[in-house]
Amino acid sequence: MDLRRRIFLLLLLFSVQLICLVKGNIVFKVQHKFGGRGAGRSALTSFRAHDSFRHGRMLGAVDLPLGGNGQPTDAALYYTKLSIGNPSNDYHVQVDTGSDILWVNCVGCDKCPTKSDLKIALKQYDLKASSTGKAVTCDQDFCSAMFNGQDPDCKVGAFCDYAVTYGDGSRTEGYFVRDDIKLDEVTGNLQTSSMNGSIAFGCSSKQSGELGSSSEAVDGILGFGQANTSVLSQLASSGKVKKIFSHCLDGVKGGGIFAIGQVVQPKVKSTPLVPNEAHYNVVLKSVEVGGGSLDLPTDLSGPGSQRGTIIDSGTTLAYLPDEIYERLMEKVMERQPNLKTQIVEQQFKCFDYSGNVDNGFPVVSFHFEDSLSLTVYPHEYLFKISDEEWCIGWQSSGMQTKDGKEITLLGDIVLSNKLVVYDLENQTIGWTEHNCSSSIKVRDEKSGNSYTVGAHDISSSSILSRGNIISFVLLIAFLLNLID
Ligand SMILES: *[C@@H]1O[C@H](CO)[C@@H](O)[C@H](O)[C@H]1NC(C)=O
Ligand SMILES: *[C@@H]1O[C@H](CO)[C@@H](O)[C@H](O)[C@H]1NC(C)=O
Ligand SMILES: *[C@@H]1O[C@H](CO)[C@@H](O)[C@H](O)[C@H]1NC(C)=O
Ligand SMILES: *[C@@H]1O[C@H](CO)[C@@H](O)[C@H](O)[C@H]1NC(C)=O
């Protein structure tokens, strides 16, 4: 490795494009994306934001307008719009609670997407065109924090490089820059005004693999993970916000609510986050199908046997360990003994059904530590591919970490139509059923008032039906080696 221009592997983001298929006019775009920080993790603990001086605690709330949807046959992702630079430009970035940093495509980028089927105008960030933009150099705190101290080979003026590798083999790399990001600060009921923050983020100069595919291209990814390198952590360490955020992903209409700040309404019950995990991990105690407990052979909770249940907005479906998956599927199909399922694209179990699925199939609920449960209705875990054909969103993860832990990963089909609150200050995560096209109330610490934040859908139009078929090989072997 060339030490002077060393590429630091900051984080590994596993993005398995499980499948894309055309059936009739419907294209599946199921995304399985979750981040793991691997070697970078311990290095992050000493990080302090470059400008972490505080002028008292001026904690505001922020409203991030959402677009996109979690439909496997449609956008299959949620994104928000950020305004970056001076003069500023708008960038559409996927919101992903499974990864940490913000990065956007930069001018001159090799193989970055130039058009998107999501009907958003793509924009590449131009460092030279922004009067406030500066490259982050390897001697700066932000860079040192990534690697537990400064790179001994850091030369004056050398950039702070990064690379992000995805599970499907695609990759983005570039260098860190710092610039002003404008966010919508909540200043009244359904009212916002512009707030500035100086944020370090990745400027992608090269991409490979499917990341640039136009079918779901966005300008970048906004990671809402726990690391100190995240936008949320940077805003918090400069005294602008509390480390609390929430999302309500509208599984019916698309878009929804995404806000930073303490939620005062609706009230949510919460469960503790498992400490020192790379993802938002909670302890699953039991699973019920149609009111009856699944008989699970091994202990789900307790130290040692703990199965990480990952909560990740950047994943579309839900992935269960084999033994849970088998038992759950048996129960789900129990009331429909005559139903014939066919495997579509070697991946999805699908069947013909003309009735109301909520009457024909059972409700599934997951029970977590501290008596928090999460209910998933049949119309949420089943998705329609034609008038009378449905597919099942539950997937067998078939994945294990190196030390033999099986992965449970709950994505958008499970998280949608609920308000999910991530409280990093108290290390809890909670949720409650909520109408995601309505509103929530967040607390503005500056004034002490509570303000209404409403739903948004910034998607310009529905994007059902696409022409291109893209197929991927599921790189399970790759994941088996990398997840730890
Ligand atoms: C982030 O930084 C703060 C101090 O700036 C430190 O207390 C905290 O432990 C760090 N957290 C992580 C996850 O690195
Ligand atoms: C945001 O930054 C721009 C450029 O530095 C400056 O003109 C503007 O006053 C700032 N706004 C706020 C609210 O700080
Ligand atoms: C976080 O914990 C503190 C202390 O236990 C408590 O006062 C506060 O209300 C909690 N915050 C939330 C949002 O639950
Ligand atoms: C959800 O809220 C929206 C906006 O307030 C309202 O129009 C709609 O009827 C609500 N849906 C349900 C199912 O209550």
Side-chain angles (χ1 to χ4, degrees), residues 11-16 18 30-38 40-41 70 76-78 94-100 166-167 221 223-227 230 245-247 249 270-287 296 300-301 303 305-325 328 364-370 372-374 376 381 393-416 418 420-424 427-431 476 478-480 482-484:
L11 57 127
L12 296 167
L13 244 161
F14 303 110
S15 164
V16 182
L18 283 179
V30 175
Q31 203 167 35
H32 176 193
K33 173 176 293 175
F34 53 101
R37 282 186 282 284
R41 174 108 185 128
L77 60 83
Y78 289 90
Q94 180 178 6
V95 287
D96 181 16
T97 63
S99 65
D100 292 319
Y166 293 80
I221 294 180
F224 264 89
Q226 296 190 68
S230 72
F245 70 95
S246 53
H247 58 64
L249 308 174
S270 60
T271 186
L273 282 170
V274 178
N276 307 317
E277 289 285 338
H279 305 98
Y280 293 112
N281 233 285
V282 289
V283 177
L284 179 62
K285 294 283 208 186
S286 63
V287 182
L296 299 172
L300 285 170
S301 60
S305 64
Q306 198 172 81
R307 284 171 208 274
T309 296
I310 299 167
I311 305 293
D312 180 10
S313 74
T315 293
T316 309
L317 300 177
Y319 297 80
L320 306 171
D322 291 351
E323 57 190 331
I324 299 186
Y325 172 80
L328 182 132
V364 174
S365 34
F366 295 89
H367 298 277
F368 297 92
E369 196 175 1
D370 282 2
L372 177 66
S373 56
L374 193 154
V376 191
Y381 68 72
W394 304 116
Q395 305 291 307
S396 168
S397 62
M399 280 183 270
Q400 284 189 342
T401 60
K402 274 181 193 151
D403 50 354
K405 283 190 211 163
E406 283 190 272
I407 288 174
T408 308
L409 181 72
L410 303 181
D412 297 340
I413 59 158
V414 172
L415 302 177
S416 59
K418 288 159 194 85
V420 182
V421 179
Y422 302 72
D423 184 342
L424 308 194
Q427 287 289 297
T428 61
I429 186 164
W431 48 74
I476 285 292
F478 185 85
L479 284 161
L480 284 174
L482 287 176
I483 293 166
D484 67 354

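Treat the numbers as computed from the prediction; the structure is a model and nothing was measured.
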Apply side chain to side chain donor-acceptor pair (under 3.5 Å) to Ser230 and list each qualifying residue two or more places apart in sequence or on a separate chain. Ser233

Residues that Phe366 engages under ring-ring contact (aromatic ring centres under 6.0 Å, His included), provided they are two or more places apart: Trp394

Tightest non-hydrogen contact, residues Gly225 and Tyr280, listed as C-OH, 3.3 Å

Is it the case that the side chain of Thr271 and the backbone of Asp370 share a donor-acceptor pair, with hydrogens and angles ignored and the cut-off at 3.5 Å? no

Nearest heavy-atom approach of Leu372 to Gly430 is CD2-CA, 4.1 Å

Taking every heavy atom of Gly393 against every heavy atom of Leu317, the minimum-distance pair comes out as O-CB, 3.6 Å

Any chance you could measure Leu374, atom CG, to Leu410, atom CG, to the nearest 0.5 Å? 7.0 Å

Counting N and O atoms only, with roles assigned by atom type, does the side chain of Thr97 sit under 3.5 Å from a partner on the main chain of Ser313, one being a donor and the other an acceptor? yes

Looking at Gly98 and Asp312, what are the two nearest heavy atoms and their distance? N-OD1, 3.2 Å

For Gln427, check side chain to side chain donor-acceptor pair (under 3.5 Å) against everything at least two apart and list the hits. Gln226

Strictly by modelled atom types, are Asp322 and Ser396 linked by a side-chain donor-acceptor pair under 3.5 Å? yes

Verdict with supporting geometry, Trp431 and Ile311, side-chain contact (heavy atoms from CB on, under 4.5 Å): CA-CA 11 Å; Trp431 48 74; Ile311 305 293; 4.2 Å; yes

Would you check if Ile413 and Val376 make a side-chain contact, meaning some heavy-atom pair closer than 4.5 Å? no

Applying ring-ring contact (aromatic ring centres under 6.0 Å, His included) between His247 and each of Tyr78, Tyr422, Phe224, report the one that passes. Tyr422

Rounded at 0.5 Å granularity, tell me how far CD1 in Ile310 sits from CD in Glu277. 8.0 Å

When rounded to the nearest 0.5 Å, the distance separating CG of Leu320 from CG of Leu328 is 6.0 Å

Closest non-hydrogen contact found for Ala318 with Val414 is CB-CG2, 3.7 Å

In the structure I gave you, are the side-chain heavy atoms of Ser99 and Ile221 within less than 4.5 Å of one another anywhere? yes

List the atom of Leu77, the atom of Gln94, and the distance in Å for their closest heavy-atom pair. CB-NE2, 3.7 Å

Quick one: pull up CG in Asp423 and OG1 in Thr428 and give me the separation to the nearest 0.5 Å. 4.0 Å

If we ignore hydrogens and angles and just use 3.5 Å, is the side chain of Asn281 paired with the main-chain N or O of Val274 as donor and acceptor? no

Testing Asp96, Leu415, Leu409 one by one against Thr315 for a side chain to side chain contact (heavy atoms under 4.5 Å, CB included), which residue passes? Leu409

